[in-house]
Amino acid sequence: MKLIEAIIKPFKLDEVKDALNEIGIEGITVSEVKGFGRQKGHTELYRGAEYVVDFIPKIKMEIAVSDDLVGKVVETIQNVAKTGRIGDGKIFIIPLEEAVRIRTGEKGSDAI
Amino acid sequence: MKLIEAIIKPFKLDEVKDALNEIGIEGITVSEVKGFGRQKGHTELYRGAEYVVDFIPKIKMEIAVSDDLVGKVVETIQNVAKTGRIGDGKIFIIPLEEAVRIRTGEKGSDAI
Amino acid sequence: MKLIEAIIKPFKLDEVKDALNEIGIEGITVSEVKGFGRQKGHTELYRGAEYVVDFIPKIKMEIAVSDDLVGKVVETIQNVAKTGRIGDGKIFIIPLEEAVRIRTGEKGSDAI
Amino acid sequence: PDEIRDRARAAFIGMAIGDALGATVEFMTTSEIASKYGTFKDIIGGGWLRLKPGQVTDDTQMALCIARAVVSRQTWALEAVADNFAAWLKSRPVDCGDTCRKGIRAYMLHGTLEMPLNEWDAGNGAAMRMLPVALYSLPDGELLRKYAVEQAHLTHNNPVSDAACICLGEMLHLAICGAEKSRLRRQADGLVARFPTFNFEPYRGLATGYVVDTMQTVFHWFFRGRSFEECLVGAVNQGADADTTGAICAMLAGAYYGMEGIPQRWLKKMDKGVITEIEIVTDKLLAASPLWRAF
Ligand SMILES: Nc1ncnc2c1ncn2[C@@H]1O[C@H](COP(=O)(O)OP(=O)(O)O)[C@@H](O)[C@H]1O
Ligand SMILES: Nc1ncnc2c1ncn2[C@@H]1O[C@H](COP(=O)(O)OP(=O)(O)O)[C@@H](O)[C@H]1O
Ligand SMILES: Nc1ncnc2c1ncn2[C@@H]1O[C@H](COP(=O)(O)OP(=O)(O)O)[C@@H](O)[C@H]1O
Ligand SMILES: [Mg+2]
Ligand SMILES: [Mg+2]
């Protein structure tokens, strides 16, 4: 199993979620984060307010998937989250040694 | 060492923290996250407008532990965080190659 | 590649960022988190307000780096984030199996 | 014959009613239901899925997926069933079980038509979809067994689940063809003889999604109740996986007691579109079955 962590532009969240839904993926954990990178924070319009900040709001998605799904999930996120402009973000693949579904105690691929 | 990441229902945080303290675990890093899964968000009335809140607020706990404590920590979280109702959450076990205590420079199990 | 996760005192963020920029590291993802540990949350001054809470606000930095930079990055964070007082935080090193730059599709070290 | 058609319709409509009724109290305990409703016996929607009154869930919807596939192809076509499951999943249904989702996803991504044998996949997700399989194969037991296992393995490949599916299908055949309850009881006893884990006497009151608990609840209330309403109310008031125990108990009770056994107050509350489609598809399934084609 792998834990896929994707840092994306916030307005792309719904689109990425929909695309993952099309391949049967529903379980995602999302956090609001601040991005520093090549895309500089200057004044940016975000939720109707002008930010003079040195970071850019990003969305981080965490998706635990079984190994056989990794390729498809990465491809899906990359195709949909991409705008071609700086700041589109990253996809990180982290090894996931074990997963447990708290409600049932199920482990492994049955847990995610 | 492992980095244990647990996604739980927010009202369970104090209970889980207390149970972990009972087994000698004190260091935890907590974030507020948004959960998407089988448990759905809904429409909420807020200031007279209907919001489709399609996520469920969750709490993410990150706990770095030495290998010998992993089983006990997972078991503790799972027993305490469980309600048996959909949306109880997940426990992920991620390999932790190195840990450093910033204050002292200590490494490995002494750092966590 | 590794994913370096650092939990630090919030006021240290700018200093750590500047130090990382000095060694050529620009890409960082930052989240606001709550810390529980040896440093007890009681009343603490945070953004001008006194908190009576059992957690301490911390900053989490995530930095994906190629293997050859890991030592330097860890050393830099540890030197700059340290105050010598309890609560300085942790640095965790997590294996990063793959990284993708969403904008270009680049993989591996070229992606970060 | 009209009686067969009547009982077949009552089985499918009954299933939808059981689903909609039980969904309100899904995941509740018997004491929670008792303190909130006394005896829960009216279709009011709500529940953890926030349903409208008379709205059905994945139980009825997956059964309709199978029915539509068979009717449109006029032959048993596992791929058509899988395609319908996939289209249904993409349509963001109100709920989908974890094991069903995993199997449908395997089909969407890899074309998998049979999940690997799994000793843990003994949930009730395959059994709850048995009715259209029983109707289409009526009254051929061999055909029933073949179709039952094939459709089940799209998501659940497990001997306990297979046994439950087949027994349920056999009981549906018997009931629709007019058998007495004592004959149906012998069929259930046969399952218990081969798989003692299904023993429901004494009834332990477990009604979870584990197919053994589900079938114990279904059998206990089907054989104890003396009317469609008694059977279904008994089953759903056990709580836990109430929409599914309700749906399965009601498909048996509907097949046994016929349309006249179904309370009007429940039928009126149901989603009209769903009931209309059920009536149409039930006739078509029967028309395509060996029983009809023999005439
Ligand atoms: N090395 C890194 N480690 C962690 N997060 C990073 C890294 N580099 C970039 N990011 C995240 O990705 C976002 C986009 O990066 P940026 O360099 O602006 O553009 P691009 O991804 O298009 O090359 C940043 O705002 C930050 O959140
Ligand atoms: N594959 C996944 N990867 C990451 N987080 C997930 C995944 N699946 C579920 N989650 C998280 O767990 C929470 C609960 O999941 P859910 O499917 O609603 O119920 P349950 O855990 O009871 O099966 C979600 O809200 C989400 O935060
Ligand atoms: N085992 C751990 N796993 C994850 N985060 C931890 C762990 N221990 C400590 N932390 C984080 O590091 C912060 C500082 O830890 P603390 O024990 O207060 O002081 P110090 O790091 O100086 O020994 C905590 O507030 C918490 O955010
Ligand atoms: Mg259901
Ligand atoms: Mg159910």
Side-chain angles (χ1 to χ4, degrees), chain A residues 1-13 15-16 19 29-41 53-63 65 67 70-97, chain C residues 1-8 10 12-34 47 57-67 70 73 76-77 80 92-112:
Chain A
M1 290 173 291
K2 307 294 176 201
L3 183 64
I4 296 176
E5 184 175 302
I7 312 289
I8 63 172
K9 283 170 171 159
F11 79 90
K12 281 290 186 176
L13 176 61
E15 220 176 314
V16 173
T29 297
V30 167
S31 349
E32 297 175 1
V33 296
K34 296 172 176 174
F36 298 85
R38 223 175 287 191
Q39 182 188 15
K40 295 295 169 228
V53 284
D54 62 344
F55 66 82
I56 306 275
K58 300 291 176 193
I59 282 288
K60 170 168 134 185
M61 308 174 75
E62 285 174 273
I63 313 154
V65 295
D67 292 343
V70 175
K72 196 73 190 136
V73 171
V74 171
E75 175 193 335
T76 300
I77 296 174
Q78 207 251 326
N79 285 338
V80 175
K82 170 181 180 156
T83 68
R85 287 192 290 285
I86 295 216
D88 278 349
K90 311 290 173 193
I91 303 170
F92 299 134
I93 302 180
I94 296 159
L96 187 55
E97 287 186 359
Chain C
M1 292 173 291
K2 306 296 175 197
L3 184 64
I4 296 176
E5 179 173 312
I7 313 289
I8 63 172
K12 282 289 185 177
L13 176 60
D14 287 347
E15 221 176 315
V16 174
K17 260 202 314 95
D18 291 347
L20 288 173
N21 290 346
E22 297 269 309
I23 60 171
I25 301 278
E26 214 175 20
I28 304 168
T29 296
V30 166
S31 354
E32 297 175 2
V33 295
K34 296 171 176 176
R47 289 183 180 168
K58 299 291 176 192
I59 283 289
K60 169 168 136 184
M61 308 173 74
E62 285 172 273
I63 313 151
V65 296
S66 51
D67 293 345
V70 175
V73 169
T76 302
I77 296 173
V80 177
F92 299 134
I93 302 181
I94 297 160
L96 186 56
E97 289 186 0
E98 186 59 279
V100 182
R101 187 189 304 274
I102 290 175
R103 167 169 52 97
T104 60
E106 286 167 293
K107 297 198 168 187
S109 303
D110 294 333
I112 55 185

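In the text below, chain A, chain B and the rest are named by the order of the sequence lines, each starting its count at 1.
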Does this structure show an ion pair linking [X] with [Y], if we count only N-O contacts that are shorter than 4.0 Å?
X      : Y      : value
R38(A) : E26(C) : no
K17(C) : D54(A) : yes
K2(A)  : E98(C) : no

Contacts of residues 105-112 of chain C with chain A (heavy atom under 4.5 Å):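 Heavy-atom contacts from residues 105-112 of chain C to chain A are G105(C), A111(C), I112(C).
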Taking [options] one by one, which has the highest count of heavy-atom pairs under 4.5 Å against chain C?
options                       : value
S31(A), G35(A), G89(A)        : G89(A)
I94(A), D88(A), T83(A)        : D88(A)
I91(A), V33(A), I8(A)         : I91(A)
K82(A), R85(A), K90(A), E5(A) : K90(A)

Contact class of I28(C) relative to chain A, heavy atoms under 4.5 angstrom: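 For I28(C), backbone and side chain are both near chain A.
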Proximal component of L96(C), with respect to chain A [non-hydrogen, under 4.5 Å]: both
Euclidean distance, F36(A) CZ relative to I63(C) CD1, rounded to 0.5 Å: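 Those atoms lie 11.0 Å apart.
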Under 4.5 Å from any heavy atom of chain C - which part of V74(A):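 When you check distances to chain C, only side chain atoms of V74(A) fall under 4.5 Å.
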Heavy-atom proximity to chain C below 4.5 Å, by part of I4(A):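 Neither part.
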Side-chain donor/acceptor of Q78(A) to backbone N/O of I102(C), under 3.5 Å: yes
Tell me, do [X] and [Y] make a side-chain contact under 4.5 Å, heavy atoms counted?
X      : Y      : result
F55(A) : V30(C) : no
E62(C) : K60(A) : yes
P95(A) : E97(C) : yes
T29(C) : K58(A) : no

